[in-house]
Protein chains: 2
Amino acid sequence: MRIGELAKKTEVPARMLRYYEEQGLISPRRLENGYRTYDDYLVDRVRKIRGLVDSGIPTRIISNILPCLDQPQTIVVKNAEPGLRELLVTERDRMTEKIDFLIHNRDSMTRYIEAIDHAANSSRETARAS
Amino acid sequence: MRIGELAKKTEVPARMLRYYEEQGLISPRRLENGYRTYDDYLVDRVRKIRGLVDSGIPTRIISNILPCLDQPQTIVVKNAEPGLRELLVTERDRMTEKIDFLIHNRDSMTRYIEAIDHAANSSRETARAS
DNA sequence: CTAAACATTGCCACTAATGTGAAGGTCAAA
DNA sequence: TTTGACCTTCACATTAGTGGCAATGTTTAG
């Protein structure tokens with residue numbers, strides 16, 4: 001598919017897709033006329049990129065961990081680049097920390113919201129009683 | 001405590017603490033000489049700010065949700081600012097989405113790392129057999 | 001077939017958010 | 001009175017995007 005279709009499917013502006021290419025996150029092939037052409041699997045990949053960026057993971061890191069995120073445990077593992085495993089473990093652990101942190105704070109927010117609701121109920125009852 | 005001590009306790013440079021103040025995330029009092037003075041509870045708060053920023057949450061949002069994150073369900077709930085509950089729920093749900101996304105991808109990374117390890121073991125055994 | 005409408009390209013510059021560095025001055029403890 | 005922590009202010013850096021333009025390719029309507 002061409003850039004416009006991918007943009008529509010991913011909700012990511014074409015402009016941004018070119019930007020991600022510039023950052024080395026996606027590498028579409030080209031048609032004879034120079035137009036970029038994207039394989040289907042890139043739809044999923046672009047969504048992952050968005051999610052990772054939204055989670056505060058810098059593009060430089062994203063480019064390293066993207067290979068892990070493609071569904072079939074591709075034979076790419078054969079690379080065995082030394083240091084890659086290290087980096088992946090580090091980033092995986094950092095991610096786990098982030099998850100725990102977010103869960104903790106999400107739960108605090110939930111309790112706070114419930115406190116608001118409870119306060120609203122109480123004052124309603126107080127008003128009714130008066 | 002003064003800015004230097006807070007910087008040491010939180011591992012956040014003093015420069016950055018002034019920046020967060022500028023962004024309205026913390027409001028230290030001042031001594032007669034103009035020095036900033038921080039209460040103990042701000043240590044925790046600064047750590048939260050760091051975590052939230054690292055998780056891709058913009059400071060403008062952080063300033064809104066910070067009140068929820070202070071441990072004692074302070075009587076602050078009395079505010080009942082209309083629209084605040086809405087905003088909190090929205091951000092809480094956004095946070096949940098982020099958590100789910102991160103968990104999913106963290107698990108993918110873990111599987112990939114295991115695949116690397118398994119590949120390494122296999123080739124070691126192959127080498128031994130030859 | 002031609003012309004208008006639309007998609008894509010590269011390019012350059014600009015914005016917004018989050019920090020960071022450094023100059024020049026004040027404060028206070030040794 | 002020197003040293004180190006702190007003050008303000010202005011400017012610069014980095015990351016992640018955006019806007020606009022002129023040129024070219026493609027599609028569609030008359």
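Throughout, a chain's letter reflects where its sequence line sits, starting with A, and its residues are numbered from 1. Keep in mind that the numbers below use all heavy atoms, side chains included, and drop hydrogens, waters and symmetry copies.
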Enquirer: Can you name the closest pair of heavy atoms from B:Val43 and B:Met1 and give their distance?
Expert: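 In this case the closest contact between B:Val43 and B:Met1 is CG2-CE, 3.8 Å.
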
Enquirer: Let's see if you can work this out: which of D:dT8, C:dG10, D:dG17 has an atom nearest to the side-chain heavy atoms of A:Arg36?
Expert: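 My answer, after comparing the listed nucleotides, is C:dG10.
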
Enquirer: Tabulate below the donor-acceptor pairs under 3.5 Å that side-chain atoms of residues 85-93 of chain A make, not counting sequence neighbours, or state none.
Expert:
from    : atom 1 : to       : atom 2 : distance (Å)
A:Arg85 : NH1    : B:Asp117 : OD1    : 2.8
A:Arg85 : NH1    : B:Asp117 : OD2    : 2.6
A:Thr90 : OG1    : A:Glu86  : O      : 3.0
A:Glu91 : OE1    : A:Arg94  : NE     : 3.4
A:Arg92 : NH1    : B:Thr110 : OG1    : 3.0

Enquirer: Main chain of B:Leu66, side chain of B:Lys48: is a donor-acceptor contact present, judged purely on distance under 3.5 Å?
Expert: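 No; zero donor-acceptor contacts below 3.5 Å.
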
Enquirer: Tell me the interatomic distance from B:Ile57, atom CD1, to C:dA17, atom P, rounded to whole angstroms.
Expert: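 Nearest whole value for this atom pair: 16 Å.
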
Enquirer: How close or far is atom C1' of D:dT8 from atom CD of B:Glu22, stated in whole angstroms?
Expert: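 Atom-to-atom, B:Glu22 to D:dT8, this comes out as 11 Å.
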
Enquirer: Strictly below 4.0 Å: does A:Arg30 bring a side-chain N or O up to OP1 or OP2 of C:dG10?
Expert: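 Answer yes for this pair, as a side-chain N or O of A:Arg30 is under 4.0 Å from OP1 or OP2.
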
Enquirer: In whole angstroms, how far is the P atom of D:dG4 from the CD atom of B:Glu5?
Expert: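 My rounded result for the distance is 19 Å.
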
Enquirer: Measure from CG on A:Leu31 to P on C:dT9 and round the result to the nearest Å.
Expert: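 Rounding to the nearest Å, CG of A:Leu31 and P of C:dT9 are 9 Å apart.
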
Enquirer: When all nucleic acid strands are considered with a 4.0 Å heavy-atom cut-off, which category describes A:Arg60: base, sugar-phosphate, or nothing?
Expert: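 Nothing, no heavy atom under 4.0 Å.
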
Enquirer: Ignoring backbone atoms, establish whether B:Thr59 has a side-chain N or O less than 4.0 Å from OP1 or OP2 of C:dT18.
Expert: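 Checking B:Thr59 against C:dT18: at least one side-chain N or O falls below 4.0 Å of OP1 or OP2.
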
Enquirer: Does the distance from a Lys or Arg side-chain N to an Asp or Glu carboxylate O, for B:Glu5 and B:Lys9, drop under 4.0 Å?
Expert: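 The answer is yes: the pair qualifies as a salt bridge.
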
Enquirer: Find the distance B:Ile61:CD1 to C:dT18:P and express it as a whole number of Å.
Expert: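 Distance, rounded to whole Å: 10 Å.
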
Enquirer: D:dG17 C1' sits how many Å from A:Arg18 CZ, rounded?
Expert: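 My rounded result for the distance is 14 Å.
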
Enquirer: OP1 or OP2 of D:dA16 versus the side-chain N and O atoms of A:Tyr20: is any pair under 4.0 Å?
Expert: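 Checking D:dA16 against A:Tyr20, no side-chain N or O comes under 4.0 Å of OP1 or OP2.
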
Enquirer: Encode nucleotides 18-29 of chain D as B, S and - characters from 5' to 3', where the letter depends on protein heavy atoms closer than 4.0 Å: B to the base, S only to sugar-phosphate, - to neither.
Expert: BBB----BS---

Enquirer: Considering residues at least two apart in sequence or located in another chain, which fulfil the side-chain hydrogen bond (donor to acceptor under 3.5 Å, both in side chains) criterion with A:Asp100?
Expert: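 None.
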
Enquirer: Less than 4.0 angstrom from a charged side-chain N to a carboxylate O is my criterion; do B:Glu21 and B:Arg36 meet it?
Expert: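 Yes, charged N to carboxylate O under 4.0 Å.
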
Enquirer: Can a side-chain donor-acceptor contact be found between B:Arg50 and B:Tyr20 if the only test is distance below 3.5 angstrom?
Expert: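 Result is yes, a qualifying pair exists.
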
Enquirer: Over how many whole Å does the gap from A:Leu25 atom CG to D:dA16 atom C1' extend?
Expert: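 My rounded result for the distance is 11 Å.
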
Enquirer: What's the CG-P distance between A:Asp54 and C:dA17, to the nearest Å?
Expert: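 It works out to 15 Å between those atoms.
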
